[in-house]
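It should be emphasised that the depicted structure is a prediction, and the values quoted were computed from it without experimental measurement. Only this structure's heavy atoms are used, side chains among them; waters, hydrogens and symmetry mates stay out.
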Amino acid sequence: MQSSAVLSRQGAGFSRAEKCGQEPRTSAELAKKIAAPAIESCRQSEANRQPPARSAEIDTRTRMLLEQPIAPMILRLAIPNATVMTVQILIGLVEVYFVSRTGVDGLAGVAPVFPLVSLVVAVAQGAIGGGIVTTVARALGAGRIDAASETAWYALALGVPLGIATTAAMHVQGPTLYAQMGISGNALEIAVSYSSTIFAGATLIWLFNLLMAVVRGTGNLQVPVIVVCGGALILIPLSPALIFGAFGYQGLGPSGGAVAMLVYYAFGTLAYAAYLWGRFGVLKPSFRLPKLSLGPALAVLRVGGMSAVVSASTNLTLAIVTVYVGMGGVEALAGYGAGSRLEFLLVPLAYGIGGPVGIVIGANLGAGQTERAVKASWIGVLMACTLTESIGLAAAAFPQQWIGIFSQDPSVLRLGAEYLHRVGPFFGFFGLNGSVCPCGAGQGRHRGARRSSGGLAKGRRHMEFRCRSIGNGRLRPVCIATSDQPLRI
């Protein structure tokens, strides 16, 4: 019996030995089946660690954003971009100048409408338009020209409903809003008439700025300069002709300036559409409406959402202040309106620098050059703050030179000068705001490379795998642990 027990134990020992000899082979076979997804996941992680491969089709403008020295490049892009945005604001100021020639009531009537028009332009151009600029720049930086080209259709899809919503909101709330601002009599009639005219074409304002954002996203800022400045050359003689009359035709009064503005936006929209769908640039949008999805549109709105809140808060603050100033009489409202126009000029100057910075950031993040994107943001903020603070200090020192452009009334000059004396030294914050928002819009969430692991379980046995590089870009799974319980690493 002892011999049989020994034989039995030996047989069991041989059986265990055979199992142990077979187990590595069995584990290797099972590991081979498990390894496939682990290898694929690790390859994706290694790809994420490297900057996205640049397409050979990247155009020269995109390559400039990715490779040239940052400060000179931002300055070179900021000059035409600031020119575009400044000319747009100057167009509004020129219109206010012509309206002011009709009398104090005309200036007081346009004063509460101008901040709301500027609000729409700021949101369309700097906020939602900033989201479009970033989308195009990131797609081009990653070499995805088709995706960037499709953004032109999303600009149309966003511009039309937003324009209709703006028209409806101002048609319903406009008259009540202006009355609550303390305007009455002839000034209120002028405000309602001007507002009804300009906001009837709000869709043109939205389409003009969103299509311009598509062009700006490619780094081409020469075309917007041509369109905006060319339109200004038409608008400057057209506006007084429609306000005061010309060639035997009776003028429309202050509302004639609104009509001239809509003509400007209509021709500009057609010019941008002809450039994009004529395929004169790097973008090649299709002639047929592609199948659009909600995701990219929401991405644009999400990027531009915070900028829209900032733009809205700035302009609404000015509108609220207008309400309180209006309680002091028409002269006080006219003086404040003339002084605050300089603030509207600061916004495009700040965004004129911040916009190109957002383009540079978007393109470099799309190409995986994070450090260059961060450096560009700091340089842009410094440049914008320096510019706007310099203007503020000059306005505080010589306020009557600015106020005198709009009125020579002693009360208007005194009140406007007092306003600029107090707020001018703080104009540097306009530069901070106008540059930080585009920088934020240009950023994206970059997920770091994740380590991949796979688990093998048979009963309570677990095998943990990680991928290890073996050179030449090849990966292989390596078993790092075997235990009765999963090993947490």
Atom pair OG1/CD1 of T386 and I391 - distance to nearest 0.5 Å: 11.5 Å
Do you know which two heavy atoms are closest between E389 and G428, and how far apart they sit? OE1-N, 2.8 Å
Taking atom CG of L283 and atom CD1 of I145, what is their separation to the nearest 0.5 Å? 8.0 Å
Side-chain donor-acceptor pair under 3.5 Å between E95 and Y264, yes or no? no
Are any of the side-chain heavy atoms of V423 and F427 separated by less than 4.5 Å? yes
Can you tell me if CZ on F98 sees more than 12 non-hydrogen neighbours from other groups inside 6.0 Å? yes
Does the pair N364 and L66 meet the rule for a side chain to side chain contact (heavy atoms under 4.5 Å, CB included), with working shown? CA-CA 6 Å; N364 281 276; L66 301 177; 3.8 Å; yes
For atom CZ of R422, decide whether the heavy atoms of other residues, nucleotides or ligands shown that lie under 6.0 angstrom number more than 12. no
Begin with the C-alpha distance, continue with both residues' side-chain angles, and end with the deciding distance and a verdict on side chain to side chain contact (heavy atoms under 4.5 Å, CB included) for V121 and Y265. CA-CA 11 Å; V121 173; Y265 282 120; 3.7 Å; yes
Got a donor-acceptor contact below 3.5 angstrom from the R372 side chain to the V360 backbone? no
Walk me through it: do W153 and L292 pass the test side chain to side chain contact (heavy atoms under 4.5 Å, CB included)? CA-CA 8 Å; W153 282 105; L292 303 179; 4.1 Å; yes
Heavy-atom closest contact (S239 atom, A260 atom, distance): CA-CB, 3.7 Å
Would you say that more than 12 heavy atoms from the other residues, nucleotides or ligands in this model lie under 6.0 Å from the CZ of F244, or not? yes
V214 and A152: which non-hydrogen atoms are nearest, and at how many Å? CG2-CA, 4.1 Å
How long is the straight-line distance from OG1 of T269 back to CG of L207, given to the nearest 0.5 Å? 5.5 Å
Nearest heavy-atom approach of V225 to P80 is CG2-O, 3.4 Å
How about Q173: does its CD atom have over 12 heavy atoms from other parts shown lying under 6.0 Å from it? no
So, taking the atom named OG1 in T135 and the one named OH in Y154, what distance separates them when rounded to the nearest 0.5 Å? 10.5 Å
Heavy atoms from other residues, nucleotides or ligands near CZ of F287 exceed 12 (cutoff 6.0 Å): yes
Within the structure provided, determine whether M212 and V227 are in side-chain contact (heavy-atom separation under 4.5 Å). no
Looking only at non-hydrogen atoms, find the nearest pair between I164 and T203 and report the distance. N-OG1, 3.5 Å
Does a side-chain heavy-atom distance below 4.5 Å link T83 with V228? no
Are side-chain heavy atoms of E150 and R144 found at a separation under 4.5 Å? no
F267 side, atom CZ; Y272 side, atom OH - distance, nearest 0.5 Å: 15.0 Å
Quick one: closest heavy-atom pair of G163 and W206, and the distance? CA-CD1, 3.5 Å
Treating T218 as the side-chain partner and V215 as the backbone partner, does any N or O pair qualify as donor plus acceptor under 3.5 Å? yes
When rounded to the nearest 0.5 angstrom, what is the spacing between CD1 in I132 and CG in L210? 4.5 Å
Is there a side chain to side chain contact (heavy atoms under 4.5 Å, CB included) between F199 and V113? Walk through the geometry before answering. CA-CA 10 Å; F199 285 114; V113 184; 4.2 Å; yes
Does some side-chain heavy atom of I198 sit less than 4.5 Å from a side-chain heavy atom of F114? no
Do F280 and V223 have side chains that get closer than 4.5 Å, going by heavy atoms? no
Using modelled atom types and a 3.5 Å cut-off, is there a donor and acceptor pairing between side-chain atoms of Y178 and backbone atoms of E189? no
Criterion side-chain contact (heavy atoms from CB on, under 4.5 Å) against S255, the qualifying member of T197, I243, I190: T197
